[in-house]
Amino acid sequence: MPTSPRAPRGMHDVLPEDADLIRFIRDTAERVARLYDYRQITTPIVEDASVFLHTAGDESDIVQKEVYLFEDRGGDRLALRPEGTAAACRAYIEHGMSSRPQPVRLFYFGPFFRYDRPQAGRYRQLTQFGVEAIGTDSPAADAELIDLQLTLYRELGFPADELILRINSIGTAETRRRYAEVLTAHFQPHLGTLSRDSQRRFETNILRILDSKEDAAHPAVIVAPNILDYLSEDDAAHFEAVKSHLDALDIRYEVDPRIVRGLDYYARTVWEVEPPGAGGQSTIGAGGRYDGLIEVLGGPSTPAVGFATGIERIALNMRERGLGSTEEAAPDVVTIPLGEQGALAAARAAAILRAAGVSVRNGLPGRSMKAAMRGAGVSGARYALIVGDAEAEAGTVVLKPLRGDEEQRTVAIDDLGAWGAATATVGL
RNA sequence: GUGGGUGUGGCCUAGCGGUUAGGGCGUCAGGUUGUGGCCCUGAAGAUCGGGGGUUCGAAUCCCCUCACCCACCCCA
């Protein structure tokens, strides 16, 4: 027996009962973005592979293992987009947005793809909401984006003081080069006592030793030099300004010098937002400055800052906390057609009601009345609309309330529109 | 990429060497002639993820494989 196909590994169907929550998050995100005057950009799900390969550094794990790469029939090398920022920047350059008022404020919402091993909160197809301010180096923009991001979480129902915002400044690529040298000198004598992972990181990405889970309590990690001590004067001033803005907005944060980013185009501010006490894949959103990215993509040197947040992780957290609406979608009216003429009249009645803004499930003919009524009861509808041959003949329908103790009554089919309009505005 | 756990009808699950593989939810149909949500009755639906072994006999033991989950790694 051949097994029937399943959704690809790490990819999921969003069933109707889950769709409401996702839509709520999406609507809220878009509403909040517009509150801050950001406008939507939608880019293709597929990009020329170079958009992501050049920006991620050709040698890194990211490219080697985690990007869905393929060649199309014309021989072009394409990639399923793994993130939104590079694509937004590509569009910024391609459409000459540097000649629009700066910064260009953009947001996006959509699917992304990473060939990772799935686990809690990590999927191969994921949904992200991201916001970017391209064309400004103002620390006020960094703070605005942090504020926007936290506002989104608050609007979704997360208690304001529950989420932890951690921020850091990583200076420029030059800063990190100098800092990495200092770290190398610092960890060299302790190499033997560090975990295998950290030993590997010592070679590949030494900054990552700082957020190793295994060596978090290692004395050498605890007393490691702080990147903030290696910032240039300008970068330090920028970071101070970001913090001042956050203070002015009453945003609580924790400076965490262990937050780092590997790639060269990152600069200055980086931040992460995490729910308390969560496990493995806990960060629900992260952001930072990428002053060097546009240039890497062949555009003019343009400072920019942005963040992205994972919708599935937000949904996961919301469900754990019982946030979001739990109301099941139900039609307002379910029709109960009986007999051939009744079925025709029921369909007409349904059309009239829908035109008036009432949602109607038109019952299909052929079931016993008992079964049809049972279905109407289970559906959660407010009214059953019974139409048999007799009613069809008389040009009427029977309107039976399914909740409360209102009596059922007979209504002329010609009056249904008015009834529908009236009840629809009252919200039934 | 590494390690651990799990895998029985649509969903939850009992069974852990010999059962016609049991139950709950759900679905569908009935409970007299055109009126629901509760209740009652009945039906459909699984060969126990897949493959290979051990055994007189396997859902139950072993091996392989796949998938899912969890953690590590990675996290643009």
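Only this structure's heavy atoms are used, side chains among them; waters, hydrogens and symmetry mates stay out.
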- Mate of B/G45 across any strand shown (Watson-Crick or G-U wobble, both atom pairs under 3.5 Å) is none

- Message: Looking only at the side chain of A/R9 (C-beta and beyond, no hydrogens), which of the listed nucleotides B/A76, B/A67, B/G36 gets closest?
- Response: B/A67

- Query: With a non-hydrogen cut-off below 4.0 angstrom, is A/E214 in contact with a base, only sugar-phosphate, or nothing?
  - Reply: nothing

- What nucleotide, of B/C75, B/C69, B/G34, holds the atom closest to the side chain of A/L338? B/G34

- Counting Watson-Crick and G-U wobble pairs only, both distances under 3.5 Å, name the nucleotide matched with B/U6, or none. B/A67

- Query: Does B/C28 have OP1 or OP2 sitting under 4.0 Å from an N or O in the side chain of A/R367?
  - Reply: yes

- Identify whether any heavy atom of A/Y265 sits under 4.0 Å from a base atom; if not, whether one sits that close to sugar-phosphate; answer base, sugar-phosphate or nothing. sugar-phosphate

- Which nucleotide, B/G1, B/G36, B/A76, lies nearest any side-chain atom of A/R117? B/G1

- Query: Does A/R201 place a side-chain N or O at less than 4.0 Å from the phosphate oxygens OP1/OP2 of B/C74?
  - Reply: yes

- Query: Just checking A/G130: base, sugar-phosphate only, or nothing, at a heavy-atom cut-off of under 4.0 Å?
  - Reply: nothing

- Nucleotide forming a Watson-Crick or wobble pair with B/C72, both distances under 3.5 Å: B/G1

- Message: Once you apply a heavy-atom cut-off of 4.0 Å, does A/D116 come out as touching a base, just sugar-phosphate, or nothing?
- Response: base

- Query: Which one, B/A76, B/A67, B/C69, comes nearest to the side chain of A/R6?
  - Reply: B/A67

- Message: Suppose we define a pair by two distances each less than 3.5 Å, Watson-Crick or G-U wobble; what does B/C39 pair with here?
- Response: B/G31

- Using the P atom on both, measure B/U20 against B/A67 and round to a whole Å. 36 Å

- Query: With distance as the sole criterion, is a donor-acceptor pair present between the side chains of A/T423 and A/Y383 under 3.5 Å?
  - Reply: no

- Is the distance between the ring centroids of A/Y266 and A/Y290 less than 6.0 Å? no

- Query: Looking at B/G34, B/G30, B/C75, which one has an atom nearest to any side-chain atom of A/S368?
  - Reply: B/G30

- Note on the structure: The Watson-Crick or G-U wobble partner of B/G17, with both key distances under 3.5 Å, is none

- Query: Does A/Q119 have a side-chain nitrogen or oxygen under 4.0 Å from the phosphate oxygens OP1 or OP2 of B/C69?
  - Reply: no

- Message: Does A/R374 contact B/G26 through a side-chain donor or acceptor facing the base, at a distance under 3.5 Å?
- Response: no

- Message: Within the 4.0 Å heavy-atom criterion, would you say A/E391 contacts the bases, only the backbone, or no part of the nucleic acid?
- Response: base

- Message: Could you tell me how far apart A/E406 (CD) and B/U35 (C1') are, to the nearest whole angstrom?
- Response: 16 Å

- Task: Can you establish whether the number of heavy atoms outside A/R258 located under 6.0 Å from its atom CZ is more than 12?
- Result: no

- Message: Whether the side chain of A/E66 and the base of B/G1 hold a donor-acceptor pair under 3.5 Å is what I'd like checked.
- Response: no

- Item | Sub-6.0 Å ring centroid separation between A/Y68 and A/Y115 | yes

- Item | Spacing of A/R124 atom CZ relative to B/G1 atom P, expressed in whole Å | 9 Å

- Of the listed B/U35, B/A76, B/A67, the closest approach to the A/Y266 side chain comes from B/A76

- Among the nucleotides B/A71, B/U35, B/C74, whichever has the atom closest to the side chain of A/R200 is B/C74

- Compare the minimum distances between each of B/A71, B/A29, B/G34 and the side chain of A/A390, then state the nucleotide with the smallest one. B/G34

- Sorted by first residue and then second, give each salt bridge (Lys or Arg N to Asp or Glu O under 4.0 Å) pair with at least one member in residues 39-56 of chain A; sequence neighbours left out. A/E47-A/R90

- Message: Is it true that, when you exclude A/R177 itself, more than 12 heavy atoms of the residues, nucleotides or ligands shown sit nearer than 6.0 Å to its CZ?
- Response: yes

- A/E407 atom CD is separated from B/U35 atom P, nearest whole Å, by 16 Å

- With the side chain of A/K370 defined as its heavy atoms from C-beta on, choose the nearest nucleotide among B/G34, B/U32, B/G1. B/U32

- Message: Let me spell it out: for each of A/H12 and A/S212, pick the nucleotide of RNA chain B with the closest heavy atom. Which residue's pick is nearer the 5' end?
- Response: A/H12

- Message: Can you tell me which nucleotide in B/A29, B/A76, B/G34 comes closest to the side chain of A/I386?
- Response: B/G34

- Would A/R114 and A/D116 satisfy salt bridge (Lys or Arg N to Asp or Glu O under 4.0 Å), going step by step from the backbone distance to the final call? CA-CA 6 Å; A/R114 299 178 184 184; A/D116 252 355; over 6 Å; no

